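For reference, the structure discussed in these notes is given below.
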Amino acid sequence: MSKFIDRVIKIVRKVPYGKVVSYGQVSLMAGVPRAALQIGWVLHIAGENGATPWRRVINNAGRISTKCLEHTANHQQKLLEKEGVEVKNNLKIDIERYRWKPDIKTLKKLELNQDYIFGILDKYGV
DNA sequence: GCTATGACAAGGA
DNA sequence: CTCCTTGCCATAG
């Protein structure tokens, strides 16, 4: 298990019920700002053990973009609606309305330096 | 160690 | 708003 994968999984597990985050946001919090693409890969693995809420991760455009045959977009949509997240036609979601905005206290537990944390808060913070 | 791949992001058309 | 192009980076071969 690489540090990267471990971190991503931990972060995704912090996402509250009924909230969503973007791939880019997760990668940023994981310490690698532009590894959004890899998040999907990690979730594919994490999804195996059902303990990780991969359903709450969508792309920044507010759209469900999974291509995985076992975890279809349609299936994800259903799971999200079950949590109270409104999914409009074509797998679209008002992400800014449901986005999880981590507080500084949570970010401090991620082994990141101060400046970096403020950078995250500046973009997604409350 | 090098190349190909992908559940992305951001900016332009 | 939607579609296309380019940039990015961890993994798998």
Side-chain angles (χ1 to χ4, degrees):
Chain A
M1 239 11 193
S2 74
K3 190 93 179 176
F4 179 73
I5 295 176
D6 194 49
R7 278 184 159 184
V8 171
I9 292 179
K10 267 183 188 163
I11 293 170
V12 173
R13 284 182 178 168
K14 287 178 182 294
V15 182
Y17 180 96
K19 293 288 183 181
V20 300
V21 289
S22 69
Y23 294 92
Q25 185 179 346
V26 175
S27 68
L28 182 62
M29 290 172 71
V32 189
R34 284 150 217 158
L37 208 48
Q38 284 57 243
I39 302 301
W41 179 81
V42 172
L43 292 180
H44 182 69
I45 296 174
E48 306 283 321
N49 69 39
T52 309
W54 58 273
R55 61 204 107 185
R56 302 188 193 136
V57 185
I58 61 181
N59 67 29
N60 206 44
R63 215 192 232 162
I64 297 175
S65 57
T66 172
K67 293 176 190 166
C68 184
L69 296 177
E70 315 204 356
H71 317 108
T72 64
N74 209 275
H75 179 52
Q76 183 173 0
Q77 170 176 352
K78 243 184 157 184
L79 292 173
L80 287 175
E81 291 179 323
K82 209 164 154 190
E83 297 190 352
V85 177
E86 180 188 357
V87 181
K88 303 172 185 172
N89 292 336
N90 278 6
L91 306 173
K92 281 183 149 185
I93 297 172
D94 185 350
I95 188 171
E96 295 311 330
R97 178 175 159 191
Y98 297 102
R99 189 193 293 279
W100 171 47
K101 297 178 178 178
D103 54 71
I104 190 168
K105 194 174 177 182
T106 301
L107 295 175
K108 280 190 174 178
K109 296 178 183 175
L110 300 178
E111 300 176 12
L112 303 170
N113 58 57
Q114 292 296 304
D115 292 342
Y116 192 86
I117 289 179
F118 283 127
I120 296 176
L121 288 174
D122 186 50
K123 192 167 184 181
Y124 302 111
V126 289

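Note that this is a predicted model, so its numbers are computed, not measured. We name chains A, B, ... by the order of the sequence lines, and we start the count at 1 in each one.
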Specify the residue among K123(A) and W54(A) whose closest nucleotide of DNA chain B lies further upstream toward the 5′ end. W54(A)
Go through [options] for me and flag the one nearest to the [X] side chain.
X	options	value
C68(A)	dA7(B), dA12(C), dA9(B)	dA7(B)
I5(A)	dA7(B), dT11(C), dC8(B)	dT11(C)
R63(A)	dC3(C), dA10(C), dA7(B)	dC3(C)

Strictly below 4.0 Å, N to O, side chains only: are E96(A) and R99(A) in salt-bridge contact? yes
Spacing between [X] atom [atom1] and [N] atom [atom2], to the nearest angstrom:
X	N	atom1	atom2	value
N74(A)	dA7(B)	CG	P	18 Å
R34(A)	dT5(B)	CZ	C1'	20 Å
L37(A)	dA12(C)	CG	C1'	14 Å
R56(A)	dA7(B)	CZ	C1'	17 Å
I45(A)	dA10(C)	CD1	P	15 Å
N90(A)	dC3(C)	CG	C1'	14 Å
Q77(A)	dA7(B)	CD	P	19 Å
N60(A)	dG11(B)	CG	C1'	13 Å

Could you check whether the rings of W54(A) and H75(A) sit parallel, tilted or perpendicular, using 30° and 60° as the cut-offs? tilted
Is the count of non-hydrogen atoms from other residues, nucleotides or ligands lying under 6.0 Å from N113(A) atom CG greater than 12? yes
Counting C-beta onward and ignoring hydrogens, is there a side-chain heavy-atom pair between Y116(A) and L110(A) closer than 4.5 Å? no
Do K14(A) and M29(A) have side chains that get closer than 4.5 Å, going by heavy atoms? no
Is [X] close enough to [N] that one of its side-chain N or O atoms is under 4.0 Å from OP1 or OP2 there?
X	N	result
N59(A)	dA7(B)	no
K92(A)	dC1(C)	no
S65(A)	dC8(B)	yes

With a non-hydrogen cut-off below 4.0 angstrom, is [X] in contact with a base, only sugar-phosphate, or nothing?
X	result
S2(A)	sugar-phosphate
I64(A)	nothing
F4(A)	sugar-phosphate

